[in-house]
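Everything on this sheet refers to the single structure shown next.
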Amino acid sequence: KECKIIGYPRYEELKSKEEILNDLKVNFNFNLSENKKKLFWIPTHIEPGILITKDEKLININLWIEKISELCKDFDVIVRPHPKSVKIDNSIIRILSKKGFFVDQSDTGKIGNLLKISDLILGDYGDLLFGAIYMEKPLLLLNLKEDSKFIQERKKNMHIDLSLRD
């Protein structure tokens with residue numbers, strides 16, 4: 001049978017790169033460099049108590065924050081923590097900012113605009129990875145530790161994404 005392309009409305013009718021960069025400067029005071037490549041880190045929300053232990057709070061951010069912050073010297077690294085993760089621990093905004101990240105706190109802006117201006121997407125387990133693929137962006141998957149409760153649950157429930165990562 002013939003396959004019909006229906007699109008992905010969430011990522012259609014985006015602004016131009018110039019408009020997006022100007023909006024980030026005006027609305028968020030992001031002083032992005034014209035000469036640096038843009039990396040977009042999109043950590044997903046992992047519900048505490050259900051998929052992680054209390055000790056693992058914000059595990060997907062805390063596990064990678066030091067390594068990714070090293071990239072801030074050579075790249076403009078934009079991060080959008082999930083709004084639910086920020087509600088759990090809003091100090092993460094201050095911590096990320098001090099490490100040199102451009103922290104997007106918008107929960108209303110089109111995330112497709114950030115994907116559009118990015119040269120590389122850093123992501124873990126969220127649905128925005130599909131947006132990066134749809135927009136044909138290079139993607140680096142950030143795994144969690146094998147012994148985390150989140151990964152153990154995914155293994156137990158035979159999530160296909162784990163086998164695809166190997």
Side-chain angles (χ1 to χ4, degrees), residues 1-25 27-28 30 32 34-48 50-52 56 58-61 63-65 67-68 71 74-88 96 101-166:
K1 292 189 175 190
E2 186 178 332
C3 182
K4 295 189 183 214
I5 297 174
I6 60 170
Y8 203 162
R10 181 181 195 176
Y11 299 110
E12 295 171 4
E13 298 180 21
L14 299 174
K15 296 178 180 181
S16 71
K17 281 190 172 185
E18 293 76 24
E19 288 175 302
I20 298 165
L21 292 169
N22 187 56
D23 283 353
L24 290 172
K25 185 175 186 171
N27 297 328
F28 297 101
F30 285 6
L32 301 173
E34 291 182 20
N35 302 320
K36 289 183 176 181
K37 297 227 181 235
K38 313 295 178 253
L39 307 184
F40 183 30
W41 180 20
I42 46 176
T44 194
H45 175 68
I46 302 174
E47 194 65 43
I50 298 172
L51 296 175
I52 59 174
E56 293 178 323
L58 302 179
I59 187 174
N60 55 331
I61 295 174
L63 180 64
W64 290 102
I65 192 169
K67 293 262 187 226
I68 297 173
L71 299 172
D74 300 312
F75 301 92
D76 286 333
V77 184
I78 302 168
V79 60
R80 182 187 275 184
H82 195 286
K84 289 181 182 178
S85 298
V86 173
K87 283 181 185 174
I88 289 169
L96 289 164
F101 293 97
F102 293 98
V103 184
D104 177 16
Q105 299 179 58
S106 169
D107 58 359
T108 57
K110 281 192 166 187
I111 203 154
N113 287 325
L114 292 174
L115 290 171
K116 184 173 183 174
I117 65 163
S118 298
D119 298 293
L120 175 66
I121 309 302
L122 308 172
D124 45 36
Y125 299 90
D127 66 331
L128 293 174
L129 301 178
F130 294 107
I133 293 167
Y134 177 78
M135 295 185 74
E136 300 179 351
K137 294 293 182 173
L139 176 64
L140 179 64
L141 295 176
L142 304 172
N143 292 334
L144 291 178
K145 292 181 179 181
E146 288 289 318
D147 62 350
S148 72
K149 184 176 178 187
F150 179 78
I151 296 299
Q152 294 306 312
E153 280 294 314
R154 291 180 95 71
K155 283 182 178 180
K156 183 175 116 186
N157 294 318
M158 298 188 302
H159 282 248
I160 191 168
D161 66 326
L162 292 180
S163 62
L164 294 174
R165 289 171 180 261
D166 291 338

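Not measured: the values here are computed from a predicted model.
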Distance, nearest 0.5 Å, that separates [atom1] of [X] from [atom2] of [Y]:
| X | Y | atom1 | atom2 | answer |
| --- | --- | --- | --- | --- |
| M135 | K116 | CE | NZ | 6.5 Å |
| I117 | K15 | CD1 | NZ | 11.5 Å |
| R80 | I42 | CZ | CD1 | 9.5 Å |
| I61 | I68 | CD1 | CD1 | 9.5 Å |
| T44 | N60 | OG1 | CG | 7.0 Å |
| N22 | N27 | CG | CG | 8.5 Å |

Test L129 against L139 for side-chain contact (heavy atoms from CB on, under 4.5 Å), laying out the working first. CA-CA 8 Å; L129 301 178; L139 176 64; 3.6 Å; yes

Are the side chains of [Y] and [X] in contact, using a 4.5 Å heavy-atom criterion?
| X | Y | value |
| --- | --- | --- |
| L120 | F40 | no |
| W64 | L122 | no |
| F102 | D76 | yes |
| I121 | P138 | no |
| L96 | I65 | yes |
| L115 | Y11 | yes |

Has [X] got a side-chain atom pairing as donor or acceptor with [Y]'s backbone, closer than 3.5 angstrom?
| X | Y | answer |
| --- | --- | --- |
| N113 | L14 | no |
| D124 | L141 | no |
| K38 | F75 | no |
| S118 | L114 | yes |
| K137 | D119 | no |
| K4 | E2 | no |

Nearest heavy-atom pair of K110 and E13: which atoms, and what distance?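 Minimum heavy-atom contact is NZ-O, 3.7 Å.
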
Shortest non-hydrogen contact between P43 and P81, atoms and distance: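 Scanning both residues, the minimum pair turns out to be CG-CA, 4.3 Å.
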
Taking atom NZ of K37 as the centre, does the number of heavy atoms from other residues, nucleotides or ligands within less than 6.0 Å exceed 12?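 For K37, atom NZ is not crowded (no more than 12 foreign heavy atoms under 6.0 Å).
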
Counting only heavy atoms from other residues, nucleotides and ligands, does the tally under 6.0 Å from CD of E136 exceed 12?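 Incorrect, the count does not exceed 12.
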
Cationic N near anionic O, under 4.0 Å, D74 to K36: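 No, this pair does not count.
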
Are any of the side-chain nitrogens in D127 or R10 under 4.0 Å away from the carboxylate oxygens of its partner?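 Between R10 and D127 there is a salt bridge, with a charged N closer than 4.0 Å to a carboxylate O.
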
In terms of the angle between their ring planes, are Y8 and Y134 parallel, tilted or perpendicular, with boundaries placed at 30° and 60°?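 Correct class here is perpendicular.
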
Working note: F28 + D104, criterion side-chain contact (heavy atoms from CB on, under 4.5 Å); need CA distance, chi angles, decisive distance, verdict. CA-CA 7 Å; F28 297 101; D104 177 16; 3.6 Å; yes

Show your working on side-chain contact (heavy atoms from CB on, under 4.5 Å) between W41 and I78 and close with a plain yes or no. CA-CA 6 Å; W41 180 20; I78 302 168; over 6 Å; no

